[in-house]
Q: 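Would you mind keeping the following structure in view while I ask a few things?
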Amino acid sequence: MTDVIKFFTRRQGKKKASLTDWISYGFLFLGFLIIFLPVLWLVMNSIKSQFLLQKYDTNFLPMDYERVARATTYGPDGKEILIMKDLEPWVMFWKNLDDEERAEKDVVSYIKNFTGNEYYALRSHFGLVSVFAKDLIANQNLPEWLIKYPSMFPSAKKDYDPQSIVDTLNDEDARLLSEYLGLKPYKGNGFTAQILVSMPDPETGELIEYSVSRINPTKETVNARLVSNPKGGITKLPQNEIIINKSLKPSWINYTDPLTNKALGSFDAVRCLNNSVFVTIVATIITLLINSMAAFALSKYRFNGQIVFFVIILATLMVPASVLIVGIFKMVTMTGLSGSLWGVIIPGAATPTGVFMLRQYMLTIPDELLEAARMDAASEWTIYWRIIFPLALPAIAVLGILSIIWRWNDLILPMIAVSTTKAAYTIQLCLLDFNGEYLAREHYALAMTVVSLIPTTLVFVFLQKYITTGIASTGMK
């Protein structure tokens, strides 16, 4: 830590910082922002709740808003809008809970604490209208076709008269059955979470509460609705005068749910991580062996066409990866590796960059060592494994680190080889599939993206000295 402080306080030998010092510090700070600010943004957004992400929250920290529910009900009196306060957080995000979380809540007992339109709105929100209606039909021996009526085609509905049955019921049962059957004047009730804000009254100074759907910091006003009189319509409030109650609430379930398989769908974070670990380790080992052998042959043997082979290997560096997609796909398909993790490992086992780097390093190993070994009757394999490989460990370590980073972050090869087999998805391919299938669950996708960054970050942070020293030793410019 002392060395770090000494480095950042270093000056040009003067007591006061010169212009060059200030320019250097400014350049260093600007570089830090350019490199790390997007990463910090990703990390902080990964612990924001789904509500904040859906509301396009621009705060750097996961500051959660105080919320209210805006409900819309339909009945004989027309459309009714009401604002509901002091609801449990899980109530407003009921549709985002998985089956296990919903099973833990006793929603039937919960809605008994409400009456009138609040009761009707919550009943629809929890999806209890169909449950209660089917129980009503069974308990009162009503015609069974009423259960199938909502899913009938319009032409089939003409053969039935549900209104005549509804007219024989009391008001509450008639409303329930009408909501289930979709009879006028009843429609699907609405329910959404909104942000609670307040603003002092210009005359009395008393704080007045409003509900806001979204807060856009780029606009001067915000559309709001009075909590005490939601029927009064939309009011535009000056954004610089409103008071927003916020508190720091990291949403750790963004990480725990996918890692414990609570995220809905086929996204299995643990399986994807295991696949990536297997591919990275096995592919790196094979890459080190193949590349080091090729580099050994190109650096320590003399044969016809040696330069030609080396030039061809280097020329492949100039071929874009997108051009090779069709060829790799055909190779994987014809060899029967499609749908297998080996189809991800083998096509990229040999890398021209690795061959070039190791060859440059092995050229610095004296040929006399090899001649002495041959005079002692050492085989070529013994020379490679017992002499060349240990002496080339600095460069091999660099190639191993780079291979880990390449393999872990690779997306093209998994898309070619295992895109049709979800059990073989790597973490990068899982994230792509997860975003495409569940557009409303970006909080999980952001959290798992951060998790996918951890292995490569740790490898680079703790092994970066081997990268710098190894590359410097290879003679690469």
Q: Looking at Q194 and V212, what are the two nearest heavy atoms and their distance?
A: CB-O, 3.3 Å
Q: Hey, which of N245, I244, V68 is the one that makes side chain to side chain contact (heavy atoms under 4.5 Å, CB included) with V197?
A: I244
Q: State, without any angle test, whether Y361 and S299 hold a side-chain donor-acceptor pair at a distance under 3.5 Å.
A: no
Q: Does any N or O in the side chain of T364 come within less than 3.5 Å of the main-chain N or O of Q360, such that one atom is a donor and the other an acceptor?
A: no
Q: Salt-bridged, K105 to E88, with N to O below 4.0 Å?
A: no
Q: Using the test ring pair (Phe, Tyr, Trp, His ring centres under 6.0 Å), find all partners of F191 that sit at least two apart in sequence or belong to another chain.
A: H125
Q: Could you grab the distance from atom CD1 of I147 to atom NZ of K134, nearest 0.5 Å is fine?
A: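 Separation between the atoms: 6.5 Å.
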Q: Would you say CZ of F93 has more than 12 non-hydrogen atoms from neighbouring residues, nucleotides or ligands within 6.0 angstrom?
A: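 Enclosed: over 12 neighbouring heavy atoms sit under 6.0 Å from CZ of F93.
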Q: Does CZ belonging to F27 count more than 12 external heavy atoms closer than 6.0 Å?
A: no
Q: Counting heavy atoms not belonging to E220, are there more than 12 under 6.0 Å from its CD?
A: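 Check fails, neighbour count at 12 or below.
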Q: Report yes if the side chains of V450 and L446 come closer than 4.5 Å at any heavy-atom pair, otherwise no.
A: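 No, too far: nothing below the 4.5 Å cut-off.
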Q: Ignoring hydrogens, what is the shortest heavy-atom contact between V129 and L176? Give both atom names and the distance.
A: O-CD1, 3.7 Å
Q: Quick check: does any side chain N or O of S419 sit under 3.5 Å from a backbone N or O of I416, one acting as donor and the other as acceptor?
A: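 Here the side-chain-to-backbone pair does not exist.
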Q: Would you compute the distance between atom NE2 of H443 and atom OG of S49 and round it to the nearest 0.5 angstrom?
A: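 If I round to the nearest 0.5 Å, the distance is 8.5 Å.
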Q: Could you please spell out the steps behind the ring pair (Phe, Tyr, Trp, His ring centres under 6.0 Å) verdict for F296 and Y301?
A: CA-CA 8 Å; F296 173 53; Y301 290 105; 5.3 Å; yes
Q: Could you list all the salt bridge (Lys or Arg N to Asp or Glu O under 4.0 Å) pairs where at least one residue sits in residues 378-394, not counting sequence neighbours?
A: R374-E380
Q: Test salt bridge (charged side-chain N to carboxylate O under 4.0 Å, His left out) on K187 and E179 and set out the steps.
A: CA-CA 6 Å; K187 299 180 182 179; E179 288 185 4; over 6 Å; no
Q: Heavy atoms only: give me the nearest L341-A424 pair and the separation to one decimal.
A: CD2-O, 3.2 Å
Q: Determine whether R67 and L196 make a side-chain contact, defined as any pair of heavy atoms from C-beta on separated by less than 4.5 Å.
A: no
Q: Rounded at 0.5 Å granularity, tell me how far NZ in K246 sits from CG in L61.
A: 9.0 Å
Q: Are the side chains of L453 and V451 in contact, using a 4.5 Å heavy-atom criterion?
A: no
Q: Please step through side-chain contact (heavy atoms from CB on, under 4.5 Å) for the pair I388 and M362, ending with a clear verdict.
A: CA-CA 7 Å; I388 297 297; M362 290 179 183; 3.7 Å; yes
Q: If only atom types and distance count, is the side chain of N291 paired as donor or acceptor with the main-chain N or O of I286 below 3.5 Å?
A: no
Q: What orientation do W342 and F278 show, parallel under 30°, tilted 30 to 60°, or perpendicular over 60°?
A: perpendicular
Q: CG of N304: more than 12 outside heavy atoms within 6.0 angstrom?
A: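 At most 12 heavy atoms, drawn from other residues, nucleotides or ligands, come within 6.0 Å of this atom.
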Q: Kindly indicate, with the supporting measurements, whether the criterion side-chain contact (heavy atoms from CB on, under 4.5 Å) is fulfilled by I83 and S211.
A: CA-CA 8 Å; I83 304 296; S211 68; 3.5 Å; yes
Q: I'd like to check the ring pair (Phe, Tyr, Trp, His ring centres under 6.0 Å) partners of F32; sequence neighbours left out, ordered by chain and number.
A: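 Only F36 meet the ring pair (Phe, Tyr, Trp, His ring centres under 6.0 Å) criterion with F32.
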Q: Which heavy atom of P258 sits nearest a heavy atom of M448, and at what distance?
A: CB-SD, 3.8 Å
Q: If you draw a 6.0 Å radius around NZ in K249, do more than 12 non-hydrogen atoms from other residues or ligands fall strictly inside?
A: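 Result for NZ/K249: open.
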Q: State, with a plain yes or no, whether a side-chain heavy atom of F389 is found less than 4.5 Å away from one of I396.
A: yes
Q: Does CE in M331 sit with more than 12 non-hydrogen atoms of other residues, nucleotides or ligands closer than 6.0 Å?
A: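 Yes.
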Q: Can you find a heavy atom in the side chain of T353 that is under 4.5 Å from one in the side chain of L317?
A: yes
Q: Using modelled atom types only, decide if a donor and an acceptor are shared between the side chain of D410 and the backbone of W406 within a distance under 3.5 Å.
A: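 Checked: no pair found.
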Q: Looking only at heavy atoms, what is the nearest atom pair of G354 and L399, with distance?
A: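 Taking every non-hydrogen atom into account, CA-CD1, 3.6 Å.
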Q: For T280, what residues pass the side chain to side chain contact (heavy atoms under 4.5 Å, CB included) criterion, not counting sequence neighbours?
A: T284, I404, R407, W408
Q: Any side-chain donor paired with an acceptor under 3.5 Å for Y384 and S379?
A: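 No, no side-chain donor-acceptor contact under 3.5 Å.
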Q: Could you tell me if the side chain of L391 sits less than 4.5 Å from the side chain of L369, heavy atoms only?
A: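 When only atoms from C-beta onward are counted, L391 and L369 do touch, with a gap below 4.5 Å.
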Q: Could you pull out the closest heavy-atom pair between Y425 and V418, with the gap in Å?
A: CE1-O, 3.0 Å
Q: Do P347 and V332 have side chains that approach each other closer than 4.5 Å (heavy atoms only, starting at C-beta)?
A: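 Of all side-chain heavy-atom pairs linking V332 with P347, at least one is under 4.5 Å.
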Q: Can you name the residues that form a ring pair (Phe, Tyr, Trp, His ring centres under 6.0 Å) with F132, not counting sequence neighbours?
A: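 F132 satisfies ring pair (Phe, Tyr, Trp, His ring centres under 6.0 Å) with no residue once adjacent residues are dropped.
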Q: Kindly write out the residues that satisfy ring pair (Phe, Tyr, Trp, His ring centres under 6.0 Å) with W252, not counting sequence neighbours, or none if the list is empty.
A: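 Checked W252 against ring pair (Phe, Tyr, Trp, His ring centres under 6.0 Å); zero matches.
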Q: Ignoring hydrogens and angles, tell me if any N or O in the side chain of N254 forms a donor-acceptor pair with the backbone of S46 under 3.5 Å.
A: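 Present.
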Q: Any side-chain heavy atom of L324 within less than 4.5 Å of one from I412?
A: no
Q: Side-chain donor-acceptor pair under 3.5 Å between S213 and N223, yes or no?
A: no
Q: So, S452 side chain and T449 main chain: donor-acceptor pair closer than 3.5 Å or not?
A: yes
Q: Before giving the answer on side-chain contact (heavy atoms from CB on, under 4.5 Å), spell out for E66 and I195 the whole-Å C-alpha distance, their side-chain angles and the decisive distance to 0.1 Å.
A: CA-CA 6 Å; E66 186 177 352; I195 302 170; over 6 Å; no
Q: Could you please spell out the steps behind the side-chain contact (heavy atoms from CB on, under 4.5 Å) verdict for F126 and R102?
A: CA-CA 10 Å; F126 290 135; R102 291 187 180 186; over 6 Å; no
Q: For the CD1 atom of I312 and the CD1 atom of I307, what is their distance to the nearest 0.5 Å?
A: 11.5 Å
Q: When rounded to the nearest 0.5 angstrom, what distance separates OG in S276 from CZ in R271?
A: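 Answer rounded to 0.5 Å: 11.0 Å.
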Q: As an exercise, state the distance from CD1 of I345 to CG of L337, rounded to the nearest 0.5 Å.
A: 10.0 Å
Q: Hey, is NZ on K157 packed in by over 12 heavy atoms from elsewhere, all under 6.0 Å?
A: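 Yes, the 6.0 Å shell around NZ holds more than 12 heavy atoms from other groups.
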Q: Would you confirm whether T316, through its side chain, and I313, through its main-chain N or O, come within 3.5 Å as a donor-acceptor pair?
A: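 Flag set: sc T316 to bb I313 pair under 3.5 Å.
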Q: Is the W385 ring parallel, tilted or perpendicular to the W381 ring (thresholds 30°, 60°)?
A: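 Ring orientation, 0 to 90° scale: parallel.
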